[in-house]
Structure formats: structure tokens, C-alpha cells
Amino acid sequence: MEVFSLTARACRDLLGSGEASATELVDLYLDQVERVDDRVGAFLLVDREGALAQAAAVDAKPRAERLPWEGVPIALKDLLCVEGMETTCASRILKGYRPPYDATVVAKLRAAGLVLLGKLNMDEFAMGSSTENSSVQLTHNPWDLERVPGGSSGGSAACVAAAEAPWSLGSDTGGSIRQPASLCGVVGMKPTYGAVSRYGLIAFASSLDQIGPLTRDVSDAAALLDIIAGKDPMDSTSVGLPAPIALPTRTDLTGLRFGVIREFLGEACEPGVRRVFDGAVAAIHAAGGVCDELQLPSVEKGLAAYYIIAPAEASSNLARFDGVRFGHRSEGASDLIDMYSRTRSEGFGEEVKRRIMIGTYVLSSGYYDAYYTQAQKTRTLIADDFRRAFGQVDYLISPTSPTVAFRIGERTQDPLAMYLSDLCTIPANLAGLPAISIPAGLSDGLPVGLQIVGPHFSEQGLLEAAYAVEQGLGLSDLPPIAEAAR
Amino acid sequence: MSGGMPPRSSMPGAGDGASGEWEVVIGLEIHVQLSTNTKMFCSCPVTFGEEPNTMVCPVCLGHPGTLPVANERAVEYATRIALALGCRIAEHTVFHRKNYFYPDLPKSYQISQFDLPLGLGGRLDVELDDGSLFPVGVTRVHMEEDAGKLVHAGGATGRIHGADYSLVDFNRGGTPLVEVVSEPDMRTPEQARAYLTQLKGLLEHLGVSDVNMEEGSLRCDANVSVRRPGAPLGVKTELKNMNSFRYVQRGLEAEIERQISALEDGETIVQATVHFDPVTGSITTLRSKEEAHDYRYFPEPDLVPIEIDEAYVERVRASVPELPAARRQRFVADYGLPAGDAGILAANRPLGDYFERVAELSGDARLSANWVTGDLSAHLNSTGVGVHESAVTPEALAGLLALLGDGTLSSKLAKDVFQVMLETGRDARAIVDERGLGQISDVVELEGIIAAIVEANPGPTEEFRQGREKVLSFFVGQVMKQTKGQANPKLLNELLRKHLAG
């Protein structure tokens with residue numbers, strides 16, 4: 001039993017057949033964390049005791065009475081609330097904060113019997129594309145430790161790539177699952193807005209945020225999505241999925257049309273990424289699918305609209321971190337305003353402050369119409385572009401990220417260059433569409449992801465298509481660090 | 001906005017200053033706490049007077065990751081209010097976030113409504129003391145959530161600035177509120193008070209709120225300005241949080257006086273929030289609106305817009321109890337009540353219900369109305385007891401009226417018995433029997449007494465027989481004296497005439 005070869009399904013099968021106990025599995029992953037995480041830096045918190053206790057409880061149950069996924073470990077991005085477990089969004093302002101409740105997805109994981117290994121690093125409050133905005137630590141790309149894992153769910157992607165957990169949950173507001181999945185060579189899926197409850201996800205931008213799986217392969221993504229999806233009475237914006245998600249089986253793409261989004265293959269797209277993408281297109285052809293280039297004229301404005309809408313919502317969502325009820329409170333303030341001001345100045349990092357400032361500005365009277373209203377109109381135009389496109393093709397494809405993983409520190413001084421990392425992923429959030437990134441190959445030894453976007457609530461079909469492409473590509477590359485355990 | 005408004009110039013009321021006439025312009029913003037079981041966006045109970053911070057949950061404490069879910073009952077109550085005020089119900093209504101920092105506001109934004117409120121363009125016909133109706137336009141009716149409560153310890157002002165420390169109680173946080181914004185249609189503090197009184201009665205009638213100003217379930221802010229008649233609107237100030245009807249009127253009077261004397265002294269009015277101190281009767285400026293918050297309203301992305309269809313509106317409309325104006329008309333038409341009694345009974349839903357029950361049981365609506373608006377109301381007013389808590393139930397009062405109707409009790413005795421009923425809660429028949437208060441309607445008994453008195457007074461008897469009718473009252477007096485006033489007057493009259501005639 002070698003940890004680097006295990007998908008979550010493989011874990012399930014080992015538990016089911018009795019070849020491994022839940023405790024053995026947890027030990028296996030905790031050992032891998034021990035071995036590699038000082039170099040990868042994916043985990044903010046490893047709940048060794050809690051995980052072993054949970055595993056022991058699973059092992060105490062007769063196998064026949066266990067649920068299918070009972071005993072399979074998982075790790076969580078540190079913005080998902082777990083009752084009593086420190087949850088910080090990698091921010092100083094939430095240091096020591098222990099939520100008094102479980103997020104709905106966490107409750108669903110518990111109900112399915114999954115074992116929580118711990119909490120994963122991220123860009124502070126999910127704002128960033130490299131996980132460098134974590135106030136706690138850097139996370140290193142398992143494929144090249146000098147490079148970023150992407151972000152904001154960098155810890156969630158890196159821990160799966162380094163085999164520190166069979167799978168993980170992340171959140172995606174403008175690409176925060178798909179872009180790090182792409183840069184770390186794993187599968188990452190953002191479901192349709194409303195498919196998964198946001199209750200207990202510490203909000204960045206409420207109208208864009210969705211929780212989703214990061215996994216070793218498409219089938220695991222389907223399995224994890226099935227566990228977490230569903231309408232939730234605690235989230236008015238949740239609707240669930242039309243039917244339970246089944247493990248995908250399709251290998252033939254005959255009859256399916258794929259639209260290549262021309263706007264995402266421009267200057268920003270690295271030649272190496274383009275090369276791998278073209279290979280993926282060839283694989284789709286080989287599996288019987290048809291690919292046509294397609295124009296979505298409004299998507300190029302997506303980045304601009306996103307950097308108005310997301311900061312606007314964030315400026316309001318993050319206002320509750322005021323030092324009054326929880327989290328950091330500055331000592332020695334002279335009065336209330338001083339307390340607010342010091343608490344927030346000390347508690348938030350630079351990128352979070354930048355976005356709070358942008359968001360506050362665009363909502364201000366006199367600027368609201370010029371920025372916020374315009375951005376919302378742009379959002380509608382983008383959604384219309386997608387709707388039209390889905391009248392012609394079944395799915396849309398593009399590179400997930402215009403570049404491979406960049407070097408740590410390379411873009412930290414240039415926010416706009418950093419924002420461009422999410423060029424291809426943001427439009428799906430603005431339109432609320434499901435999208436998946438799957439590994440499509442390597443460019444100079446670094447992973448490149450293929451993004452597939454589907455119509456609202458087309459998750460099952462999207463996963464089937466992604467599975468067929470995955471089979472066609474036949475990749476099984478793992479970063480050396482994951483296999484070093486061998 | 002408000003259809004059917006008479007022209008402004010026909011409005012009564014003006015403030016006279018030393019330099020001539022000023023016209024006062026008042027608009028009211030009323031906040032009503034809804035009496036739902038649970039809060040606006042979570043399932044915590046709505047309570048008053050509980051231990052601080054015991055009626056809270058992660059949602060109403062604004063914990064990270066929590067989300068609001070709108071209370072359906074609160075939306076229904078708000079719709080009821082908007083319908084009763086004749087508002088147009090929006091087919092598509094949206095919650096917005098109103099962003100500002102304050103320690104009693106857990107999320108640092110209040111979920112409220114902005115440009116797409118639930119109800120728009122209504123009207124309340126306010127009845128003034130002289131019985132005339134005076135229409136006040138209702139600009140909008142919208143839903144929002146209440147904030148928590150702050151207690152400031154130490155410091156001179158009782159305000160957060162200068163306090164040693166402040167404590168927050170979030171029990172109230174998240175309580176459903178409806179805000180009713182009036183047009184600036186009122187011209188005197190009396191009108192403002194009458195509007196508020198009428199609105200309170202209406203809300204009580206609708207059964208949607210406790211409408212208790214002292215406990216804060218009904219709160220009133222007033223926008224006030226003065227101008228020369230016919231001039232454009234003056235600069236307004238906002239008079240905040242007056243917690244009784246009397247303070248609303250007194251506060252407005254004080255602020256109007258302040259504005260007029262400032263203007264007459266050549267000063268300008270600065271747009272500001274002002275506070276009325278009922279103890280000193282003085283006005284203090286809380287904050288200048290020049291540094292007013294920019295609330296950065298934007299649509300609440302955690303809630304979906306509420307789409308309201310015709311069927312829903314009709315269902316809620318059906319649940320709106322008969323409104324005071326309609327009830328008043330019905331009391332006049334169906335029971336033949338005088339307009340005054342009908343008005344009193346219709347304005348107060350529990351009192352009106354009480355009356356209808358008594359009328360039904362006693363079969364005498366006018367007599368019932370007399371008693372409910374007279375002796376019963378006098379007692380309730382003097383003791384401050386609500387009609388539903390009255391020691392005399394409608395059944396008991398109907399029992400008393402039955403004794404009055406069958407002649408067992410005279411009006412005078414009935415009043416005495418009623419007082420005993422109020423004090424003891426016992427029923428009229430028991431009191432009458434125990435105290436021997438029943439009228440003597442026994443012919444044989446009365447005839448015996450009359451015969452003796454006639455015999456003892458041959459002189460007056462002779463006078464009567466010669467046609468001096470006035471002598472009859474002498475005999476009535478004599479019989480009443482002997483029976484301690486318990487003789488049935490009608491029967492007595494009849495028997496006396498018979499005996500005196502010989």
C-alpha cells in the first residue's frame with residue numbers, strides 16, 4: 001500500500017475489503033504529511049488526535065454497517081467552519097477563532113463518515129492566485145518547490161498533489177479551485193452556483209463563491225461532489241443538483257461538440273500551455289468529439305467586472321471582523337473608532353486591505369453606478385455570451401491558466417499580473433456555471449490544466465466529458481515529492 | 001407619490017413666530033417590531049427582557065460563514081401592514097445591505113431594503129379630535145432587522161463616547177422590523193401624534209406587533225422643518241427615538257420652537273440628528289448630517305429576491321382583519337351605534353371584539369356599547385389594564401345587562417354591582433343575591449307597602465285624587481325610602497296609580 005498511488009476510491013476499496021483499517025489509512029497520510037509538509041507547507045493545522053479518534057470509531061464498527069466512504073480521510077481549506085477547530089482563513093484577524101458550528105459541507109462529510117485530517121493553507125480570505133497572501137506560511141508547488149501552487153486554494157491543491165490527503169475541499173470565487181488544480185496537476189471542480197451550500201464557508205464574494213472538490217482524478221471529483229451537493233435550508237441561494245452524481249463511465253465523445261474559447265488563447269497564453277492545450281484538443285478529436293473555435297466577446301471584460309463585484313461584496317462581508325465579538329482585537333485603543341481602525345489595520349494583510357478599499361470605493365455614492373452597476377451589466381452580458389455559446393456547443397474548453405506555475409515572489413509586486421492568472425476562470429464564476437480543470441500534460445515539467453465549462457447544472461455530463469478526455473490523455477504523472485515516499 | 005392628497009395649502013396648522021407665520025412640515029418614520037415567533041433571518045426566538053445574550057445563535061451574532069434566511073411569517077406580516085396602509089405590493093422586492101460600523105450591529109451591515117421595498121404609495125386616513133379625517137401619504141413600507149442593545153457604563157453622557165466600557169446584548173439583534181415612512185404631510189405636532197396613534201391602533205388591529213413604545217416595539221423618528229407658507233421646503237432635522245406619544249408631541253414642539261427662533265435670529269438650520277430630553281425639555285444635536293454615513297447600499301447577495309404573485313397578495317389580504325374604518329361603519333350600520341361610540345370601539349380591536357361579544361350575548365347593542373365605552377373603559381383607563389385582562393368578562397357583563405333588562409337592577413344599582421364585579425371578579429347574579437340588591441318586583445310585596453303608606457297619608461292621597469299629579473312623586477319617594485331604593489320604578493308607578501285612584 002503506497003500512499004502516492006491512492007485515489008479516494010482506492011482508499012474506500014481498501015477499507016471495504018479489510019486490507020486497511022481506517023487508522024492505518026490515517027496513519028499513512030499523517031506520515032506523508034510528516035515527511036513532506038515541511039517542504040510543501042500545505043497544512044495550517046493537522047488534527048492528528050481528532051483524525052485518529054474518528055478513525056478508531058470507524059474501525060470499531062463492523063464493516064457491513066459502514067457507509068461507503070466511511071473512514072476515507074479528507075482535508076479542508078481553512079475557510080470552512082469546523083465546530084471547535086481553529087478556522088482562520090489564513091488571516092491574523094481570525095487567529096484563534098474556533099467556530100461554534102459546522103459548515104453544511106462539513107456536516108455532510110461527517111454524515112458520510114469521512115475523517116478530517118486538518119486545515120489547509122490559502123490566500124488570506126481566498127484573495128489571491130498563489131497562496132502567497134497567507135499570513136501564516138508559503139505553500140510550495142509539489143512539482144517545483146521554488147514555485148507557487150496557485151491559489152487561493154493552494155493548500156488544497158498541493159496536499160492532493162503531494163499525496164498528503166486523497167482529496168480535499170477548496171472554494172472557487174474566480175478560479176481558486178481550478179487554477180491551483182491546474183498548477184499542481186490535480187483535478188479541481190467548481191460546481192454550478194447553488195449546487196453546494198455556502199453555509200459555513202467564510203465568505204469572500206457571496207454571489208461568486210462555491211465550494212468544490214480537488215482530487216486525483218475525475219471519478220473522485222464526481223464522488224466528492226455527490227457527497228457535498230444539495231439544497232440547504234440554511235442557504236437561500238442553494239438549489240442542489242437535479243439528481244445524485246454517478247461515477248462517470250463515458251469514454252467515447254462521439255456526438256459532443258466542444259467550443260474553444262478563442263479569447264483565452266491570446267497573448268497572455270504561454271506557448272507551452274498552448275502546446276499542451278492543443279494536445280488535449282487532439283485527444284478530444286481522437287475520442288470522437290468535435291472542437292470548434294468560438295468567440296465570447298464579453299468574456300474579456302470579465303476580469304474588470306470581477307475586480308469590482310468581488311471586492312464590493314468582500315468589503316461588506318469582511319466588515320464583521322471588527323474586534324467586537326471574535327478574532328483579533330487591538331489592545332490599547334483610545335476609543336471605538338481607534339479600536340476598529342487598529343484591529344483591522346493589524347488584522348488584515350495588504351491584498352485584503354487593497355480589495356476592501358476597492359470595494360468600498362466602488363459602492364460609494366457617486367461611484368456606484370459607474371462601477372458596480374456597470375459591472376453587473378457586464379456580468380449579464382457574459383452570462384448571455386455563454387448562453388448563446390451553449391446553443392451551439394455542448395461544452396466550452398480553454399487552458400485553465402494562461403501560464404504554468406510561476407516562481408514564488410514573481411508576481412507579488414504586481415497585483416495586475418497576479419489578477420491575470422484568473423483570466424480564463426473568472427467568467428464561469430460571473431455566469432454561475434460549472435467548470436472543471438483536469439491535468440492535460442506537462443510543459444517543461446510543470447502541469448498544465450484543461451478547463452471544461454458546462455451549462456448550469458450540467459455537472460453529470462461535464463464529469464462524463466472530463467472523464468472521457470482524462471481517459472484519452474492517459475496521464476498518470478505525479479510530482480517527484482509525492483513518490484519520494486516510496 | 002400618495003394619490004388623492006389635498007393641496008398642501010388646505011392643510012391646517014402653522015407655527016407663529018415673532019416675525020409672522022411659519023409653516024411646519026413633519027414626516028414620520030415608524031419602526032415596528034413584528035411579533036413573530038422567530039427572528040428575521042434565523043430561528044432564535046423573539047423575546048423581551050431575557051438574560052442578555054441568551055437568545056442568540058451564530059447567524060444573529062454574525063459569525064463568519066453564516067447566512068441569513070428570510071422569515072416567511074415576517075414577510076407575511078409586513079405584507080399585511082403594507083396592504084392595510086393601501087400600499088402597492090411589489091412583485092419583485094429585494095433586500096439590500098446597509099453598511100456601517102457599530103458595536104450593536106454584528107455583521108457591520110444591516111439587512112434592509114432600499115430601492116425595491118415591499119410596499120409603495122399608501123395612505124392612512126387619520127381621524128382628528130374633531131372627527132374630521134386627514135389623509136397622510138405613506139411613502140413606503142419595508143422590511144429590515146433590528147440591531148442589538150448597548151449599555152454604556154461610566155462616563156457622564158450615557159453614550160459610547162466617554163464611557164468606561166460598553167456592553168452589548170444581542171438578544172434583540174435580528175428581530176424583524178417593518179419601517180413605515182410617511183410623506184411630509186403633517187403640519188402640527190398634534191397631527192403627528194394623531195397619525196402615530198392611529199397607526200399604532202392599526203398595527204395592533206392587524207395583530208402583527210406588540211406596539212409598545214416603552215419596550216421599543218414601536219419607535220418613532222420624525223423629520224421636521226419649517227418654512228414660510230408657500231416657500232420651498234426648509235432644511236430638516238431628524239428627531240430620533242422618541243419613546244412615548246407624549247414625547248413625540250413635546251419633542252416636535254420643542255424642535256419647531258428651536259428652528260423658528262433660530263431662523264428668526266437670522267441663523268440657518270443645519271441638517272442634523274437631534275435628541276429631545278423629556279426631563280429638561282431641551283433639544284441636543286447628536287451628529288451633523290454633513291458627516292453622514294455613506295451606507296453603500298447594494299443588493300444582499302446572500303438572499304434571493306422575493307417574487308410576490310397576485311395569489312399571495314390575495315391570501316394575505318384575506319388574513320387582514322377588518323380595519324378600523326370599515327368596522328366603525330359596520331358598527332353604525334349594523335348595530336345602530338352613535339358615530340362616537342362606534343369610533344371608539346372600532347379604533348381598539350380588543351375593545352371592539354369585547355363589545356361585539358357582549359352585544360351578541362345581551363341582544364342589546366346600544367346598551368352594550370354604552371357600558372363598554374362608559375364604565376368599562378373608564379375602569380380600564382384608570383387602572384391601565386388591557387381589556388383582555390379585565391376582571392369582568394364579556395359573559396359577565398352580559399349577565400349584568402340581563403339583570404338590568406329584566407328589571408332586577410336599576411341603572412344606579414347596576415353601576416354599583418359592576419364596581420363589585422370589577423373588584424371581585426364575581427358574577428352579577430351572585431352579588432345581587434348575596435347583598436339582597438335585587439329590585440322588588442313582587443306585586444304582592446309592593447302592594448302591601450303601598451297600601452300602608454297610602455293609608456298613613458290621607459291628605460296627599462286626597463290631593464292626588466283631585467288631580468294634582470305632582471303628589472305622585474311624594475309617594476314614590478316614600479316607597480323608595482322604605483325599600484332602600486329597591487322597588488322596581490316602573491311597577492311602583494303602576495301600582496301607586498292604581499291604589500291612589502282608590
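A, B, ... follow the sequence lines: proteins, then strands. Residue 1 opens every chain.
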> Can you list the donor-acceptor atom pairs spanning chain B and chain A that come in under 3.5 angstrom?
{"unit_1": "B:L61", "atom_1": "O", "unit_2": "A:R325", "atom_2": "NH1", "d": "2.6"}
{"unit_1": "B:G62", "atom_1": "O", "unit_2": "A:R320", "atom_2": "NH1", "d": "3.1"}
{"unit_1": "B:H63", "atom_1": "O", "unit_2": "A:R320", "atom_2": "NH1", "d": "3.0"}
{"unit_1": "B:H63", "atom_1": "ND1", "unit_2": "A:Y97", "atom_2": "OH", "d": "2.5"}
{"unit_1": "B:P64", "atom_1": "O", "unit_2": "A:Y101", "atom_2": "OH", "d": "2.6"}
{"unit_1": "B:G65", "atom_1": "O", "unit_2": "A:G200", "atom_2": "N", "d": "2.7"}
{"unit_1": "B:T66", "atom_1": "N", "unit_2": "A:Y101", "atom_2": "OH", "d": "3.2"}
{"unit_1": "B:P68", "atom_1": "O", "unit_2": "A:S236", "atom_2": "OG", "d": "3.3"}
{"unit_1": "B:R97", "atom_1": "NH1", "unit_2": "A:S316", "atom_2": "OG", "d": "2.9"}
{"unit_1": "B:R97", "atom_1": "NH1", "unit_2": "A:N317", "atom_2": "OD1", "d": "2.8"}
{"unit_1": "B:R97", "atom_1": "NH2", "unit_2": "A:N317", "atom_2": "OD1", "d": "3.0"}
{"unit_1": "B:N99", "atom_1": "OD1", "unit_2": "A:S316", "atom_2": "OG", "d": "2.8"}
{"unit_1": "B:Y102", "atom_1": "N", "unit_2": "A:Y340", "atom_2": "OH", "d": "3.3"}
{"unit_1": "B:P106", "atom_1": "O", "unit_2": "A:R325", "atom_2": "NH1", "d": "2.9"}
{"unit_1": "B:P106", "atom_1": "O", "unit_2": "A:R325", "atom_2": "NH2", "d": "2.5"}
{"unit_1": "B:S108", "atom_1": "OG", "unit_2": "A:A319", "atom_2": "O", "d": "2.8"}
{"unit_1": "B:Y109", "atom_1": "OH", "unit_2": "A:R320", "atom_2": "NH2", "d": "3.0"}
{"unit_1": "B:D294", "atom_1": "OD2", "unit_2": "A:S365", "atom_2": "N", "d": "2.7"}
{"unit_1": "B:D302", "atom_1": "OD1", "unit_2": "A:R198", "atom_2": "NH1", "d": "3.1"}
{"unit_1": "B:D302", "atom_1": "OD1", "unit_2": "A:R198", "atom_2": "NH2", "d": "3.0"}
{"unit_1": "B:D302", "atom_1": "OD1", "unit_2": "A:S206", "atom_2": "OG", "d": "3.2"}

> Do you know which two heavy atoms are closest between A:F326 and B:P64, and how far apart they sit?
CZ-CD, 3.5 Å
> Could you work out, with side-chain contact (heavy atoms from CB on, under 4.5 Å) as the rule, every residue matching B:S319, not counting sequence neighbours?
B:E76, B:R80, B:V316
> Where on A:L336 is there a heavy atom nearer than 4.5 Å to chain B: the side chain, the backbone, both, or neither?
side chain
> Considering only heavy atoms, which portion of A:A205 lies under 4.5 Å from any heavy atom of chain B: side chain, backbone, both, or neither?
neither
> Taking CD in B:E314 as the centre, count heavy atoms belonging to other residues, nucleotides or ligands within less than 6.0 Å. Is the count above 12?
yes
